[in-house]
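Predicted, not measured: the structure shown is a model, and the values here were computed from it. First the proteins, then the strands, lettered A, B, ... as listed; each starts at 1.
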There are 2 protein chains.
Amino acid sequence: MAGTREPGERDRWLDWAQGRLARTGLRAGAVRVALLELLARDGDCLISAQQIVARLAARGVGSQASVYRLLDQFVVLGLLRRVVGRDGLARYEKAHPGHSHYHLVDARTGAVEPFTDARLEAAIAGAAERHGFQLDRYDVVLHGVRVRGGAA
Amino acid sequence: MAGTREPGERDRWLDWAQGRLARTGLRAGAVRVALLELLARDGDCLISAQQIVARLAARGVGSQASVYRLLDQFVVLGLLRRVVGRDGLARYEKAHPGHSHYHLVDARTGAVEPFTDARLEAAIAGAAERHGFQLDRYDVVLHGVRVRGGAA
DNA sequence: GTTATTGCAAACAATTTGCATATAA
DNA sequence: TTATATGCAAATTGTTTGCAATAAC
């Protein structure tokens, strides 16, 4: 199952995010609390804003406006990463400081799966260098079909 | 200037596209003709649908509906590549069969520039292989600032 | 009490669709 | 002639914004 990692990581992100928010003068409203909890649990791979709105609504919390506003806020604070898919929808996932990753999209199921790859990272840095670019950030999305179990 | 290549490439794409369209039972309407010509000239790097609509409108040709419909059609036929930017807008560029490339986005100017890099290509193939993925297609977008003239 | 948070509804913008008309083959 | 191409206007859909009411600190 994508999103299952070492125990404690979920809470680590939550603690980090809460600490960061506490230090900004912002206030812990009901929607923000619920959103943080939801993201801590399900924010390991891209979730769309609409999905989030729906899940919160199912619990009787939040509205379009507040969810979009909070997501924006979290992105600005560096708590979330925002990615726009081929369908033009914004999706979000927890940001882990200094820990960038790529996405594998399964052409059959549409499932998105994060992965990291040191060699690829090095190759990208090299390519940027060769083309006279000082790299700031990058997006890499691979589309294909799974033929073997993913490398852990 | 991005988009300047060997002489004749523009017409080569146009010929190829026209040939492909001719063999499909579709008809060469006025908007299609104008759109093909525009793309042959300016389609080397990502243009948004709105830009295209505007440019055609300035020449008194086309409408939202026909432009969007034609662009879709061209993508399906493999004449164009469709890319969705971080702003969620669809952008298009000429597809060259078997000739994939990446994009450099200048963080200062927002300019998008295509490039190719054999080593990067190999690295991507390797990463897909390592993660048990049979690669179908990929998107690579590098964000940063230009520090030297681009490698020709 | 002051100021940020929330919800509602309206506003927006890109894209899509229905349908009547024009036109290429 | 007959199916495709086109334009117009309306509909969709994701996202944003204005504003009054609410609640955190």
*Same hydrophobic cluster for B/Val105 and B/Phe115, using side-chain heavy-atom links shorter than 4.5 Å among ILVMFWY?*
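No, B/Val105 does not connect to B/Phe115 through the hydrophobic network.
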*Do the side chains of B/Ile52 and B/Leu14 join up, straight or via other hydrophobic residues, at under 4.5 Å, putting them in one cluster?*
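Both belong to a single hydrophobic cluster.
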*Taking CG from A/Leu71 and C1' from C/dT6, how many angstroms apart are they, rounded to a whole number?*
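A/Leu71 atom CG is separated from C/dT6 atom C1' by 15 Å.
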*To the nearest angstrom, how far is A/Leu21 atom CG from C/dA4 atom P?*
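Distance, rounded to whole Å: 15 Å.
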*Does B/His143 have any ring-ring contact (aromatic ring centres under 6.0 Å, His included) partners at least two apart in sequence or in another chain, and if so, which?*
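So B/His143 forms no ring-ring contact (aromatic ring centres under 6.0 Å, His included) with any residue.
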_Point-to-point distance, once rounded to the nearest 0.5 Å, from CG of B/Leu79 to CD of B/Gln18_ =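 Atom-to-atom, B/Leu79:CG and B/Gln18:CD are 10.5 Å apart.
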_Spacing of CD belonging to A/Gln134 relative to CG belonging to B/Leu142, to within rounding of 0.5 Å_ =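 Output value for this atom pair is 12.5 Å.
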*asked:* The test is side chain to side chain contact (heavy atoms under 4.5 Å, CB included); show your working for B/Arg86 and B/Val141 and say whether it passes.
replied: CA-CA 10 Å; B/Arg86 299 183 75 78; B/Val141 181; over 6 Å; no
*Covered region of DNA chain D, 5' end to 3' end, by chain A [heavy atoms, under 4.0 Å]*: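 Footprint of chain A along DNA chain D, 5' to 3': D/dG14 to D/dC25.
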_Within the structure provided, determine whether A/Arg82 and A/Leu71 are in side-chain contact (heavy-atom separation under 4.5 Å)._
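A side-chain contact is absent here, since even the closest heavy-atom pair is not under 4.5 Å.
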*asked:* With heavy-atom distances below 4.5 Å as the criterion, would you say the side chains of B/Phe74 and B/Arg32 are in contact?
replied: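 Yes; the side chains approach each other to less than 4.5 Å.
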_Using a 6.0 Å cut-off, check whether atom CZ of A/Arg137 has over 12 heavy atoms from anything other than its own residue._
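Result for CZ/A/Arg137: enclosed.
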*For A/Val31 and A/Gly62, which heavy atoms make the closest approach, and how far apart are they?*
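Closest heavy-atom pair between A/Val31 and A/Gly62: CG2-CA, 3.7 Å.
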*Heavy-atom closest contact (B/His103 atom, B/Val83 atom, distance)*: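 Taking every non-hydrogen atom into account, CE1-CG2, 4.5 Å.
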*What parts of residues 72-92 of chain B reach DNA chain D, counting only heavy atoms under 4.0 Å away?*
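DNA chain D contact set from residues 72-92 of chain B: none.
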_Neighbours of DNA chain D within residues 59-68 of chain A, by heavy-atom distance under 4.0 Å_ =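 Only A/Gln64, A/Ala65, A/Tyr68 qualify.
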*Not counting sequence neighbours, which residues clear salt bridge (charged side-chain N to carboxylate O under 4.0 Å, His left out) with A/Glu93? List them please.*
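A/Arg81.
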*Begin with the C-alpha distance, continue with both residues' side-chain angles, and end with the deciding distance and a verdict on side chain to side chain contact (heavy atoms under 4.5 Å, CB included) for B/Tyr92 and B/Val75.*
CA-CA 9 Å; B/Tyr92 302 83; B/Val75 169; 3.8 Å; yes
Set out, line by line, the N/O atom pairs under 3.5 Å between protein and nucleotides 22-25 of chain C.
| from | atom 1 | to | atom 2 | distance (Å) |
| --- | --- | --- | --- | --- |
| C/dA24 | N3 | B/Arg27 | NH1 | 2.9 |

